[in-house]
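Counting starts at 1 for both ligands and their atoms, in listed order. All values below come from the heavy atoms of this structure, side chains included, with hydrogens, waters and symmetry mates left out.
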Amino acid sequence: MTVAHAPFATTEWWRTAVIYQVYPRSFADFGGDGIGDLRGITSRLGHLAALGVDAVWLSPFYRSPQRDAGYDVADYRDVDPLFGTLDDADALIARAHELGLRVLVDLVPNHTSSEHAWFKAALAADPGSPERGRYLFRDGRGSGGELPPNNWTSVFGGPAWTRVPGGQWYLHLFDSSQPDLDWSNPEVRAEIEDVLRFWLRRGVDGFRIDVAHGLVKEAGLPDWHGTVTMVDGSDAGAPEDGQSPAFGSGPMFDQDGVHDIYRSWRRVLDEFDADGEHRSRALVAEAWVEPLSRLARYVRDDEMQQAFNFSFLTARWDAAAYRAVITESLEALDAVGAPATWVLSNHDVVRHPSRFGLPEPGVRPNGIFATDPQPDEALGLQRARAATLLMLALPGSAYVYQGEELGLPEHTTLPDEVREDPSYFRTEHLEAGRDGCRVPIPWEAAKPGFGFSPTGKTWLPQPAAWAAYAADAQDGVKGSTLELYRAALRLRREHGFGGAGIEWVEGLGADVVAFRSFTEAGSVVVVANLGSEPVRLPEGSLLLTSSDEAQEGTLPGNTTAWLAV
Ligand code: ISL
């Protein structure tokens with residue numbers, strides 16, 4: 001069976017791009033306070049150019065009280081002093097462009113910070129005022145309005161409503177410091193469009209849209225008896241075929257009205273696309289929506305360019321699950337003419353080497369406590385490398401989360417007293433939360449803080465064992481994860497992967513995912529062995545690269561190979 005994509009116009013870089021996610025707090029610290037900053041990022045952009053990625057996406061660096069690590073924005077048009085200045089942002093964008101890297105920034109339109117001028121004005125104003133009308137203020141239920149307006153819970157745990165002095169309640173799908181905006185209000189729409197223009201004028205190449213499925217809520221805000229959680233975002237059903245349950249429905253998610261918003265944003269981006277024919281600026285939906293045919297609606301021709309494929313991220317370590325999610329992804333995205341995307345890790349989930357090292361490989365807890373069963377680090381890394389090589393050969397665009405090119409595991413033994421993630425607190429410590437995937441990156445094995453900052457300070461402690469993962473400990477070392485990524489990205493570029501289709505290769509066994517990936521130069525056969533027993537490789541194949549050492553003619557378990565056949 002062939003799942004084909006039409007050949008793409010090369011100017012639409014986002015169709016095949018490998019995009020590297022920088023989490024500014026934890027990438028590189030120039031100032032020495034132990035928290036990463038924009039000058040630190042600029043100073044390390046050479047690492048990304050040498051790695052061979054096409055673009056960088058920066059998580060938020062805007063003015064923010066940092067109650068949700070910057071996803072609580074107090075001023076969309078300024079840089080938080082923690083991270084630097086607008087001049088630093090301009091310098092970062094300019095340097096990235098010099099190095100041939102596109103820059104995507106994060107837009108957080110579902111909610112502001114409670115420190116945003118609009119929310120402060122709303123608190124100071126009366127019920128029914130225009131100031132309150134920018135958010136979702138409602139009267140409570142019960143005789144004295146003492147009960148929340150509906151039964152919704154926050155994604156981070158606890159109620160989704162907080163009561164203010166004077167008696168009204170406001171909605172927050174996340175932390176109480178993140179009040180949801182009312183997207184039926186034209187003033188909200190105009191303001192965020194202006195924010196898009198502000199950053200486009202500064203030269204960014206696009207935006208990653210936070211909680212893109214959440215902006216519009218069902219009219220009347222009806223009660224709902226599903227659950228939303230950080231753990232698996234699930235609201236329905238038991239796992240089927242090794243897949244996680246579906247996510248992203250309910251009256252707060254994936255309402256039809258969101259698509260009008262993205263159509264109008266597309267028009268804003270088009271104002272900046274000089275040739276008018278090829279879209280060089282991109283919008284990327286962070287939408288935890290299933291099935292993939294629903295997700296594809298966000299990337300129809302007049303909406304966004306890409307949507308993160310969380311169905312791929314949540315697939316268990318199981319060949320049938322991978323075959324199913326790859327087929328479904330290519331079919332659903334091709335139906336709307338959009339590129340498929342592939343992602344294994346980000347700043348919200350347990351890093352994939354650790355997920356794949358769990359007793360049930362690929363489950364997605366919201367963090368791992370020191371007292372939990374610990375992942376098998378070596379096995380998890382072996383599978384992670386195999387998954388990466390599988391991912392980078394698929395048609396479309398792929399995401400790399402900072403540190404995964406070093407094979408970094410989750411920090412699974414963080415002391416509880418250093419945790420900062422609001423989901424740890426709002427679940428009353430039931431869930432460890434996301435701090436373990438946000439630990440500062442190890443650059444230099446011999447330096448304090450592994451070279452993250454000039455003072456050795458790091459806002460979260462790094463495990464001592466991370467010396468072995470430091471970038472300089474892997475640089476030029478045959479077989480290191482860093483060299484594996486570099487080689488794979490170089491081959492991907494040389495062969496022109498990403499723009500065409502695949503054809504499944506059958507007959508290699510139930511634990512194998514095998515396909516011919518069509519490239520500009522011809523084709524490459526990809527064989528991923530997700531089982532533990534070795535499998536025979538096709539006759540006469542020449543090994544281009546593999547995620548672990550492969551002997552002549554056979555592929556060990558938990559290993560992927562790229563072959564010229
Ligand atoms: O909606 C969900 C479940 O159906 C969530 O998984 C949700 O999409 C996800 O938590 C959104 O994450 C993003 O927004 C959060 C922020 O904390 C995350 O870091 C960010 O990636 C609030 O802004």
Assess whether a salt bridge exists between Glu191 and Arg77, defined as any Lys/Arg side-chain N lying under 4.0 Å from an Asp/Glu carboxylate O.
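A salt bridge is present here (some side-chain N lies under 4.0 Å from a carboxylate O).
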Tell me every residue that passes side-chain contact (heavy atoms from CB on, under 4.5 Å) with Ala307, counting only those two or more places apart in sequence or in another chain.
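Ala307: side-chain contact (heavy atoms from CB on, under 4.5 Å) contacts with Ala285, Leu295, Val299.
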Could you tell me if any non-hydrogen atom of Arg208 lies under 4.0 Å from any atom of ligand 1?
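Heavy atoms of Arg208 do come under 4.0 Å of ligand 1.
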So which of Asp334, Asn309, Thr341 actually passes side chain to side chain donor-acceptor pair (under 3.5 Å) with Ser329?
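Option passing the side chain to side chain donor-acceptor pair (under 3.5 Å) with Ser329: Asn309.
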Please name all residues satisfying side-chain hydrogen bond (donor to acceptor under 3.5 Å, both in side chains) with Gln306, sequence neighbours left out, ordered by chain then number.
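Checked Gln306 against side-chain hydrogen bond (donor to acceptor under 3.5 Å, both in side chains); matches are Ser397, Tyr399.
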Closest candidate by heavy atom, reference atom 8 (O) of ligand 1, pool Phe174, Tyr23, Trp288, Tyr71
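Answer by nearest heavy atom: Trp288.
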Best match, Val349, Asp348, Asp254: closest heavy atom to atom 19 (O) of ligand 1:
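Nearest heavy atom to atom 19 (O) of ligand 1 lies in Asp348.
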Show me which atoms of ligand 1 lie under 4.0 Å from any heavy atom of [X].
| X | result |
| --- | --- |
| Arg434 | 16 (C), 17 (O), 18 (C), 19 (O) |
| Arg438 | 19 (O) |
| Phe253 | 1 (O), 4 (O) |
| Val211 | 11 (C), 14 (O) |
| Phe156 | 17 (O) |
| Glu286 | 8 (O), 9 (C), 11 (C), 12 (O), 13 (C), 21 (O) |
| His111 | 22 (C), 23 (O) |

Looking at Trp14, I'd like to know if the NZ or CZ of Arg279 sits under 6.0 Å from its six-membered ring centre while staying within 45 degrees of the ring's axis.
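No.
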State, to 0.1 Å, how close Met391 and Glu404 come at their nearest heavy-atom pair, and which atoms those are.
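Minimum heavy-atom separation between Met391 and Glu404: CE-OE2, 4.3 Å.
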Would you tell me whether Trp288 and Glu286 have side-chain atoms, one donor and one acceptor, within less than 3.5 Å of each other?
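There is such a pair (donor and acceptor under 3.5 Å, judged by atom type) between the side chains of Trp288 and Glu286.
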